Amino acid sequence: MTKTRLCRTFQTAPAAVPRDDSAKYLRSGLTAEGFSAPDWLVPDLEDGTAPEMKDEALENVRELLPEYAPAFSGEIWPRVEWAYDSESLRERGVEQIETLAETVGEHVDGFVVPKVGRLEDVNAAESAVAAAGRETGTDIELAVIVESARARSDLREISKFGHESLLTALVFGPVDYTAELGGREIGKRPDWSGLCEALSNEASANDLLSIGGPFDRLFRERAGVTFYNGDGYADHVEREARVGLDGSWSLHPNQTAQANRIHLPTTDELRTAVSKIETFVEAKGTGTGAVAIDGQMVDEATLKNFENTVETVAIVHGMQDEQTKERYDDGLLDRALALR
Amino acid sequence: MTKTRLCRTFQTAPAAVPRDDSAKYLRSGLTAEGFSAPDWLVPDLEDGTAPEMKDEALENVRELLPEYAPAFSGEIWPRVEWAYDSESLRERGVEQIETLAETVGEHVDGFVVPKVGRLEDVNAAESAVAAAGRETGTDIELAVIVESARARSDLREISKFGHESLLTALVFGPVDYTAELGGREIGKRPDWSGLCEALSNEASANDLLSIGGPFDRLFRERAGVTFYNGDGYADHVEREARVGLDGSWSLHPNQTAQANRIHLPTTDELRTAVSKIETFVEAKGTGTGAVAIDGQMVDEATLKNFENTVETVAIVHGMQDEQTKERYDDGLLDRALALR
Amino acid sequence: MTKTRLCRTFQTAPAAVPRDDSAKYLRSGLTAEGFSAPDWLVPDLEDGTAPEMKDEALENVRELLPEYAPAFSGEIWPRVEWAYDSESLRERGVEQIETLAETVGEHVDGFVVPKVGRLEDVNAAESAVAAAGRETGTDIELAVIVESARARSDLREISKFGHESLLTALVFGPVDYTAELGGREIGKRPDWSGLCEALSNEASANDLLSIGGPFDRLFRERAGVTFYNGDGYADHVEREARVGLDGSWSLHPNQTAQANRIHLPTTDELRTAVSKIETFVEAKGTGTGAVAIDGQMVDEATLKNFENTVETVAIVHGMQDEQTKERYDDGLLDRALALR
């Protein structure tokens, strides 16, 4: 079940909401198509689901995954309950991991564990996921939400641990983080740019994915009309892409459609990557180890970025070819796919 | 003497100035009332006092504390001399700590030690304070000013040490810090936002207080008139509050009055906190461990932020009820105080 | 060959370019005068030189240094090939270091090693430089370019190692850094302010030099006319000077002339420094250890910044007296030089 890592979009969907169809949002996420289909769908058993609906939420996940997961194009990562400073929440989290691994483990790519603390707490979360994977014979990974001062303090150690464990992704959680630091919302919100830099850096240094935090100003109002805040979210995602975060958190199919597009290589990026690799492969056929392309030395190491671009496009194509066909012309896409 | 930690305002007052009444500013700080009374008054034996007046400064502190400290509502934290790179200054600091602890130790809550270096230097400062406390049977704590590259480099270790020692607060000192790094004042000053983020984070991760640096553009001039720069200081304090610094440095009673207000919970913040705790306490009477309030799960852990808000208000009320009575209506204040 | 550390300008010059005179830029850098003469000239054997010209580049350095280095006012720091993730590039780097040390070692102050990784990789680079220095009996130092996530992650450890080794300078490499983190150029570029703060801090904490990254928007166009982008580069250098970076990367003699000026103490800065030291020296003659000057306590420790200012001016004067004579009047300059 482990695939090359890709998570342009991390869309949370409350696993139960107080409606006639309590699984409405979960089902909607699992059946989204085209650019609205998230790379990772995160059925949310934690803060997105009201306390009195936790059991129904678990039930919804158990019911819907067998039905919809096989046709779902992305990965499925339920978010369980957890908190470094609450033993009872950690126990609930372990139970939720065990239950889901036993019942629908073959449809689950990993678990998202929120509110982790220092390295030891991340170790505990990883042990729970590893144990569940062992017992059910499935290959389940871990993503953690960095939203405590302790996790930020230990970020470097946590990330290094990720390099050699099931920990796969670091996700930022600005709301709880700001609350824990005692940040007050006066005028505007802090952008935590130091933390975002560090998250991107440590993820890159240890081959993890890094994912930004949610953007909750979904709608805005002007002259009496309320409309989807596409500008606000684009600014948010572009800021994340600029510092090298691999993906963005989505709270809505519209956000997913935007972030999927922004985090997909542009035509120019793909064309450059394909050309470099083709030239390198050709030259290598003639026996040279390193090759000069357009006056730049290219060897296995420098080729890595180009291969990542092609790999990203190929994975997206395998998941949702509507996306790749919309963006690239057939010739370029075929050349890219031929390189794998 | 150790109280719940609160330091909205860290007001330094030179302990001796070249005037007829050399204790003018010290006395003024110790007798301030209402919102002008600082949470922490810092009689300054270091850079605020001229070299030739150090003895008189020490004398002033020894004379004024017995007279004014008993009626002073906040805490008293003298700043002594110290520098990680000067043995003679460290010796002077130890002497000043010893002298003040012996003579007026019962009026002193802690000592502020500036220009600390790496962890070992903070250890030395803490040992000096601990020894003074032991010998005089008083309970005296330590605050350090982070204003050297070495202290910034060791911030995480220093903060962890704070978690298990007398170290209580981390204060930023931008002027010396910028000088040590060789920062040049060209156009505008650096805001050291990375350092401020880290200070807030490490303080939160280790239950320490974090306090911002001084704002020295006290006055500004427009059209020939010079006036108090309230806008500039408000921006400064709000920026600090936003990233979760617990308090702000004040150089003037006007600044103290502003920062005390900005760092005091708003009516809305207090109302929310009181409601959540009341509902939780009520529900707990019926035997439930965790309670759903307004669709959000509340347990002992998540209650902590609300309890902190109420505790802050209660402490401020105990110190300066003019402040709390001005801000909150009687009903809300009574409900808050009843919860302790 | 080790001098007091000074590197206002770090000018890279491709060691070979595809022109009739392939050493054109290298010669131009080695013969620049006045404010256009860089403090450090960096003959570039790495990315600035095309793969098929590497041999010629090495040849050019070996030919030109004996001819021009003796009259060159600054230091000479060739940049060799290296990459933490490519064994073959590291081997080439070691060969280039050995070859240049053996053939022109007496003209080389140090080597610039790019794309270093974690501490272990920096250790390896330093060993290569140390070995070359030992074998040739020359005193050659090391500068590394911080442009990988791993180097950023280990920055504190790398800098501490610098405190006790041949490592002398930390240089930022934003282009490769952004690429490694997967940063996308959308609208504007990230300014990596957290990294720049950390670079300046760790350099100061360990007595290393810190140098900013290149600014490649050399020219801009307006109303059909293309001209040198002096405004853009001034903003870039001033931002670096503000956070205490010691020097700036230059890609062009015009940039060198600007950065040399911005990083040279102003007349006011020099006048203050000279006065403080003169007063201190005079007072010390009378037996006092610490002296009050303008109401500020000055001792050996606080004198350090002033001495650095005077030292910087004296070194620049020794290298290029056109620069110091242009900026300071004779009286002030003579007083400064008399203090050494």
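Keep in mind that what you see is a predicted model, and the values were worked out from it rather than measured. In what follows, every chain begins at residue 1, and chains take the letters A, B, ... in the order their sequences are listed.
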Over 12 non-hydrogen atoms of neighbours within 6.0 angstrom of CD in C:Glu87:
no
Using side chain to side chain contact (heavy atoms under 4.5 Å, CB included), reason through C:Arg150 and A:Asn206 one step at a time and then give a plain yes or no.
CA-CA 8 Å; C:Arg150 284 166 175 80; A:Asn206 295 288; over 6 Å; no
Bottom line for A:Ile262: the part with an atom under 4.5 Å from chain C's heavy atoms is both
Under 4.5 Å to a heavy atom of chain A? For C:Asp176 that would be neither
Looking at every non-hydrogen atom in both residues, tell me the closest pair between [X] and [Y] and how far apart they are.
| X | Y | value |
| --- | --- | --- |
| A:Leu264 | C:Arg184 | O-NH2, 3.5 Å |
| A:Asn201 | C:Ala149 | ND2-O, 3.0 Å |
| A:Ser200 | C:Leu181 | OG-CD2, 3.4 Å |
| A:Ser204 | C:Glu180 | OG-O, 3.7 Å |

Legend entry - N/O donor-acceptor pair under 3.5 Å between A:Glu197 side chain and C:Ser193 backbone: yes
Among residues 230-249 of chain A, those lying within the under-4.5 Å heavy-atom range of chain C are A:Glu238, A:Ala241, A:Arg242, A:Val243, A:Gly244
